[in-house]
A.B. asks: 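Take a look at the following structure, please.
Protein chains get the first letters and strands the later ones, always in sequence-line order, with residue 1 at the start of each.
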Number of protein chains: 2
Amino acid sequence: MKRFSESTVRRLSHYYRVLEEVHAEGQRMISSHLLAEREDITSAQVRKDLSYFGSFGRRGLGYNVEHLRTEIRAILGLDRRWRVALVGAGHIGAALLAYRGFRDQGFDVVAVFDSSAERVGKTLDELVVQDISKLPECGDIEMGVIATPVRAAQEVADMLVAAGVRGILNFAPRKLRVPEGVAVRTVDMTMEFESLSFALSQTRGKSRRRAGE
Amino acid sequence: MKRFSESTVRRLSHYYRVLEEVHAEGQRMISSHLLAEREDITSAQVRKDLSYFGSFGRRGLGYNVEHLRTEIRAILGLDRRWRVALVGAGHIGAALLAYRGFRDQGFDVVAVFDSSAERVGKTLDELVVQDISKLPECGDIEMGVIATPVRAAQEVADMLVAAGVRGILNFAPRKLRVPEGVAVRTVDMTMEFESLSFALSQTRGKSRRRAGE
DNA sequence: CGTTCCTTGTGAAAACGTTCACCTGCGGCT
DNA sequence: AGCCGCAGGTGAACGTTTTCACAAGGAACG
Ligand SMILES: NC(=O)c1ccc[n+]([C@@H]2O[C@H](COP(=O)([O-])OP(=O)(O)OC[C@H]3O[C@@H](n4cnc5c(N)ncnc54)[C@H](O)[C@@H]3O)[C@@H](O)[C@H]2O)c1
Ligand SMILES: NC(=O)c1ccc[n+]([C@@H]2O[C@H](COP(=O)([O-])OP(=O)(O)OC[C@H]3O[C@@H](n4cnc5c(N)ncnc54)[C@H](O)[C@@H]3O)[C@@H](O)[C@H]2O)c1
């Protein structure tokens, strides 16, 4: 089966977001140029990305907003709902639970687990926090979110995999070892800070260029 | 001035983290192979990455852990402290404030801003939440974190830039327009979910090679 | 001192991703 | 209808990143 680059998939998400906006504004058609403009992408890149998956546009006209939106939904797997388990009901976990954006895109957090006696049993955003030992029994879950301290992350990942999860969103700053067929995306905020720190260190002392937009 | 790829910088962060671990374990030397092993990188990649910045190893021996650690600290700009302003004292903002990891790496959140009357004046993690209108007056800040709703993100970015910030960590799912010389890193969790959703949709049924990243 | 076993640093090659350039198809206009 | 301008699709060119392969440096040891 063909593989698609991670960057292409990321950009599909961008396009999808732009399409949602444009759709809300009532636009019927959109050109690759306009689709590119809102984010920082060239029109050729847009066309190339979309061409990997099919021919969705019409020459001379551009893309039908509603149609392309539907197509990208299907490509990204957003034409269904996903059952997500959250492990670690701490600061990050609570913030994620409170966020409505995930549900809006089809990601339903249906179970929350923690190991701390203080948290287990409490209700958080309409979900009762369960003990982590109950994870294996929690039915049909497709994705897991790891929001535990780094030392527990690998163990939790193993449990999630054992429970049948094939996609993990990991907030612990650590590479997780998972079997083939399980996808992991790690969000590492410290690394983002370090990347900024590097960028700022590099430009230090450089002549201040005018703010050319 | 020479430019370095974003991926190289990311990996430097990885190496740095491994070095911290290995240092704590008391190891004196480490080979590129061992340095690579803990994350999912080849030893050639490690050597290539490091070679962009200098010759830090010794043939036949590997790298001195303490020395390489110091060098990478300097390269990433972690041999100093950074003053960070946080804008948006909501769910994500509160979670970030509570996190000690940033301070440990030299990132000090020294001011918190919000626009809501409910939040302004409250104390959060030893910092008094200030009204956003006070942002321009808040001394010497190098980085900003945007944890506001998406509709406020661009405006806040403009204010941060006006206040002299040259690095922005953005949690709002939106591309920010900033002048040249200002670095932005956007953490978009919905996009990560969508990336997982895509990966799972692709591998549906058939088991294929796609281990964790 | 020579041999052996490591491991780095780095050109060169390969793989990968992005941009270019152009052909084709479509609607509108005269 | 015929022409024009617009815009998608796509092979080829280009640039960047990763991998390969190996020469050279270094330590240990008899
Ligand atoms: N809070 C942040 O802003 C932030 C920033 C960057 C990275 N992170 C990372 O995110 C993760 C979570 O951070 P946080 O601030 O929410 O931490 P936290 O301490 O607030 O929450 C962690 C939760 O995980 C629970 N837990 C511990 N072991 C567990 C186990 N084995 N099974 C189930 N639950 C378990 C704890 O009881 C706690 O409720 C950490 O790995 C941290 O490094 C957090
Ligand atoms: N919470 C999550 O898990 C999560 C996940 C993904 C993305 N995000 C994004 O992160 C951002 C923050 O999310 P949140 O859940 O923390 O939201 P939140 O509503 O809890 O907090 C937002 C805060 O920003 C403040 N604010 C609004 N306008 C402001 C302005 N102009 N200046 C200063 N402060 C202002 C509000 O008063 C509020 O306190 C949003 O853009 C959201 O899309 C959050």
A.B. asks: Salt bridge check, B/D188 against A/R17: does any charged N sit closer than 4.0 Å to a carboxylate O?
C.D. replies: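 Result for this pair is yes, salt bridge flagged.
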A.B. asks: Keeping to residues at least two apart or across chains, list the salt bridge (charged side-chain N to carboxylate O under 4.0 Å, His left out) pairs with something in residues 39-57 of chain A.
C.D. replies: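 Applying salt bridge (charged side-chain N to carboxylate O under 4.0 Å, His left out) to every pair that reaches into residues 39-57 of chain A, excluding sequence neighbours, yields A/R11-A/D49.
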A.B. asks: Assess the residue pair B/R185 and A/E194 against the criterion (salt bridge (charged side-chain N to carboxylate O under 4.0 Å, His left out)); give the C-alpha distance rounded to whole Å, side-chain angles, the decisive distance to 0.1 Å, and a yes or no.
C.D. replies: CA-CA 10 Å; B/R185 298 290 178 276; A/E194 289 172 358; over 6 Å; no
A.B. asks: Between A/E25 and A/R38 (salt bridge meaning N to carboxylate O under 4.0 Å), is one present in this structure?
C.D. replies: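 Salt bridge present between A/E25 and A/R38.
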A.B. asks: For residues 53-69 of chain A, pull every pair meeting side chain to side chain donor-acceptor pair (under 3.5 Å), keeping only residues two or more places apart or in separate chains.
C.D. replies: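 Side chain to side chain donor-acceptor pair (under 3.5 Å) check on residues 53-69 of chain A returns A/E20-A/R69, A/H67-A/E71.
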A.B. asks: Rounding to an integer number of Å, can you tell me how far B/R59 CZ sits from D/dG25 C1'?
C.D. replies: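 That distance rounds to 5 Å.
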A.B. asks: Restricting to side chain to side chain donor-acceptor pair (under 3.5 Å), what partner residues turn up for B/S133, sequence neighbours left out?
C.D. replies: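 Here the qualifying residues are B/D131.
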A.B. asks: Taking only residues two or more places apart in sequence or in another chain, which ones pass side chain to side chain donor-acceptor pair (under 3.5 Å) with A/E192?
C.D. replies: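 Applying side chain to side chain donor-acceptor pair (under 3.5 Å) to A/E192 gives none.
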A.B. asks: Any side-chain N or O of B/R58 under 4.0 Å from OP1/OP2 of D/dA27?
C.D. replies: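 Answer yes for this pair, as a side-chain N or O of B/R58 is under 4.0 Å from OP1 or OP2.
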A.B. asks: Can you list, by residue number, the residues of residues 61-76 of chain A that have a non-hydrogen atom closer than 4.0 angstrom to DNA chain C?
C.D. replies: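 A/L61, in order of number.
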A.B. asks: Taking side chain to side chain donor-acceptor pair (under 3.5 Å) as the test, write out the residues that go with A/R83, two or more places apart.
C.D. replies: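 Checked A/R83 against side chain to side chain donor-acceptor pair (under 3.5 Å); zero matches.
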A.B. asks: Could you note down all residue pairs passing ring pair (Phe, Tyr, Trp, His ring centres under 6.0 Å) where residues 140-191 of chain B supplies at least one of them, sequence neighbours left out?
C.D. replies: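 Residue pairs passing ring pair (Phe, Tyr, Trp, His ring centres under 6.0 Å), neighbours aside: none found.
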A.B. asks: Any chance you could measure B/I72, atom CD1, to B/L12, atom CG, to the nearest 0.5 Å?
C.D. replies: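 CG of B/L12 is found 5.5 Å from CD1 of B/I72.
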A.B. asks: When you measure from the side-chain N and O atoms of B/S5 to the phosphate of D/dT16, is any distance below 4.0 Å, counting only OP1 and OP2?
C.D. replies: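 No, outside the criterion.
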A.B. asks: Determine the minimum heavy-atom distance between A/D114 and A/G90, stating which atoms define it.
C.D. replies: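 Taking every non-hydrogen atom into account, OD2-N, 4.2 Å.
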A.B. asks: For B/R3 and D/dG15, what is the distance between atoms CZ and P respectively, to the nearest whole Å?
C.D. replies: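 Computing the B/R3:CZ to D/dG15:P distance gives 16 Å.
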A.B. asks: Which residues, if any, of residues 36-50 of chain A bring a heavy atom under 4.0 Å of DNA chain D?
C.D. replies: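 Hits under 4.0 Å, by residue number: A/R47, A/K48.
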A.B. asks: Taking distance alone, no hydrogens or angles, what donor-acceptor pairs closer than 3.5 Å link side-chain atoms of residues 91-110 of chain A to residues at least two apart or in another chain?
C.D. replies:
| residue | atom | partner | partner atom | Å |
| --- | --- | --- | --- | --- |
| A/D108 | OD1 | A/R81 | NH2 | 3.0 |
| A/D108 | OD2 | A/R81 | NE | 2.7 |

A.B. asks: Go through DNA chain C in 5' to 3' direction and return only the first and the last nucleotide with some atom under 4.0 Å of chain A's heavy atoms.
C.D. replies: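 Boundary nucleotides touching chain A, in 5' to 3' order, are C/dG17 to C/dG27.
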A.B. asks: Of all residues at least two apart in sequence or in a different chain, which pass the side chain to side chain donor-acceptor pair (under 3.5 Å) check with A/T148?
C.D. replies: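 Here no residue qualifies.
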A.B. asks: For B/F4 and D/dT17, give me the distance from atom CZ to atom P, rounded to whole Å.
C.D. replies: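 Computing the B/F4:CZ to D/dT17:P distance gives 12 Å.
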A.B. asks: Under a 4.0 Å heavy-atom cut-off, which of residues 24-34 of chain B touch DNA chain C?
C.D. replies: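 Correct list: B/S31, B/S32.
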